[in-house]
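Input: a single structure, listed below in structure tokens.
Start at 1 with the first residue, then count along the sequence.
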Amino acid sequence: MSELEYEKASRGSIAAVPNEFASGTPFVFDQGYSLANAGTPSESIQNGGGGQTGNALYSDTNMATFDHPFRSGIFASSAPNPTRVTTGGSYYGVMELSGNLWEITVSVGHPEGRAFGGAFHGNGIISSSGVGTVASWPEDSASSSDYGDGLGLRGGSFLSISSRQEISNRELANFSVDTRLSEVGARLGRTGF
């Protein structure tokens, strides 16, 4: 997805709030989480934030306890009174757009990213080196130094600081994603045309 699609999925059609997370609030839980039934399908958070404090897995809530992301939707299934804020869900109900795993996005801060028109949804084929084979996608695998041009990271991860989870944080929006990282996930988007 593009950075603009990431921001729309996070914020929806409402006005931006300064320093907001995908939960729609500038406040995020900042204590270490503890898990019940860890590693099982019924895994849940025992001590999440409530009220106007959003939930997200990042360095303050991870407390160097977890070396992996949480399962998608864990805050929604753990909230006794599920709201957008307590579940950490976005305007459209998309989970973990702030924290857990970085989102790879097409960067508007790089000429190759800006040239991407979004008209090609992929063909399901990757090259022998593991990259997409759609010529118009913003990545140039012609040389290892160019791989990832036009891509970046948004939304933070289970190891990042809280400010990197903010919807408008672009610190790594032009980060060249040229290797597998345990903090980076994959989320796909499809345009409506």
Side-chain angles (χ1 to χ4, degrees), residues 1-11 20-23 28 33 35 39 43 54-76 88-90 92-110 112-114 116 118 120-134 136-190:
M1 72 179 142
S2 72
E3 285 190 85
L4 303 177
E5 288 170 318
Y6 166 81
E7 292 206 18
K8 183 176 182 181
S10 298
R11 188 176 291 121
E20 76 182 304
F21 301 95
S23 60
V28 67
Y33 288 125
L35 292 176
E43 179 178 74
N55 282 299
L57 182 61
Y58 67 105
S59 62
D60 287 358
T61 56
N62 181 355
M63 306 286 284
T65 303
F66 309 106
D67 63 352
H68 55 80
F70 287 165
R71 67 176 177 80
S72 181
I74 193 167
F75 299 110
S90 75
Y92 294 108
V94 181
M95 298 289 119
E96 285 85 42
L97 286 171
S98 287
N100 211 31
L101 289 172
W102 286 103
E103 308 293 341
I104 299 175
T105 59
V106 176
S107 177
V108 297
H110 190 280
E112 193 169 333
R114 287 190 300 274
F116 176 62
F120 300 101
H121 299 293
N123 56 16
I125 301 169
I126 60 172
S127 70
S128 60
S129 61
V131 298
T133 59
V134 178
S136 64
W137 282 7
E139 60 186 0
D140 179 3
S141 58
S143 73
S144 60
S145 64
D146 289 338
Y147 183 88
D149 287 347
L151 300 176
L153 299 175
R154 297 287 299 272
S157 80
F158 63 95
L159 296 176
S160 64
I161 59 175
S162 66
S163 64
R164 289 209 170 146
Q165 301 175 73
E166 295 168 0
I167 296 172
S168 295
N169 185 303
R170 299 191 69 251
E171 288 180 70
L172 297 178
N174 288 318
F175 182 79
S176 183
V177 184
D178 61 355
T179 186
R180 289 185 64 167
L181 301 170
S182 63
E183 296 177 68
V184 177
R187 192 180 307 253
L188 307 175
R190 183 169 171 92

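How far CG of Leu57 is from CD of Gln165: 8.5 Å, rounded to the nearest 0.5 Å. Atom-to-atom distance recorded for Asn169:CG and Phe21:CZ is 9.5 Å, nearest 0.5 angstrom. Expressed to the nearest 0.5 Å, how far CD of Glu103 lies from OG of Ser98 amounts to 9.0 Å. Separation of atoms CG (Leu172) and CG (Leu151) is listed at 13.0 Å; rounding is to 0.5 Å.
The pair Arg154-Glu7 meets the salt-bridge criterion, since a charged nitrogen lies less than 4.0 angstrom from a carboxylate oxygen.
Arg187 places a side-chain heavy atom less than 4.5 Å from the side chain of Leu97. Looking at Ser168 and Arg11, their side chains come closer than 4.5 Å, going by heavy atoms from C-beta outward. Using a 4.5 Å cut-off on side-chain heavy atoms (C-beta onward), Ile74 and Leu35 make contact. The shortest side-chain heavy-atom distance between Tyr58 and Arg164 does not fall under the 4.5 Å cut-off. Within the 4.5 Å cutoff, the side chain of Glu96 has no heavy atoms near those of the Pro69 side chain.
Side-chain atoms of Ser59 come within 3.5 Å of backbone atoms of Ser160 as a donor-acceptor pair (strictly under, hydrogens ignored). The backbone N or O of Phe158 sits nowhere less than 3.5 Å from a side-chain atom of Glu183 that would complete a donor-acceptor pair. Checking side-chain atoms of Ser157 against main-chain N and O of Val184 turns up no donor-acceptor pair under 3.5 Å. Formation of a donor-acceptor pair under 3.5 Å by the Ser107 side chain with backbone atoms of Ala173 is found in this model. The backbone N or O of Val108 sits less than 3.5 Å from a side-chain atom of Glu3, completing a donor-acceptor pair.
Nearest heavy atoms, Ala56 versus Thr61: O-OG1, 2.9 Å. Counting all heavy atoms, side chain and backbone alike, Ser23 lies closest to Gly54 at OG-CA, 3.8 Å. Contact detail for Thr105 and Tyr6: the closest heavy-atom pair is CG2-CB, 4.0 Å. Scanning both residues, Ser90 and Ala9, for their nearest heavy atoms gives OG-O, 2.8 Å. What you find for Leu153 and Phe175 is that their closest heavy atoms are CD1-CD2, 3.5 Å. Closest approach of Ser162 and Val28 over heavy atoms only: CB-CG1, 4.4 Å.
Between Phe75 and Tyr33, the ring centre distance stays below 6.0 Å.
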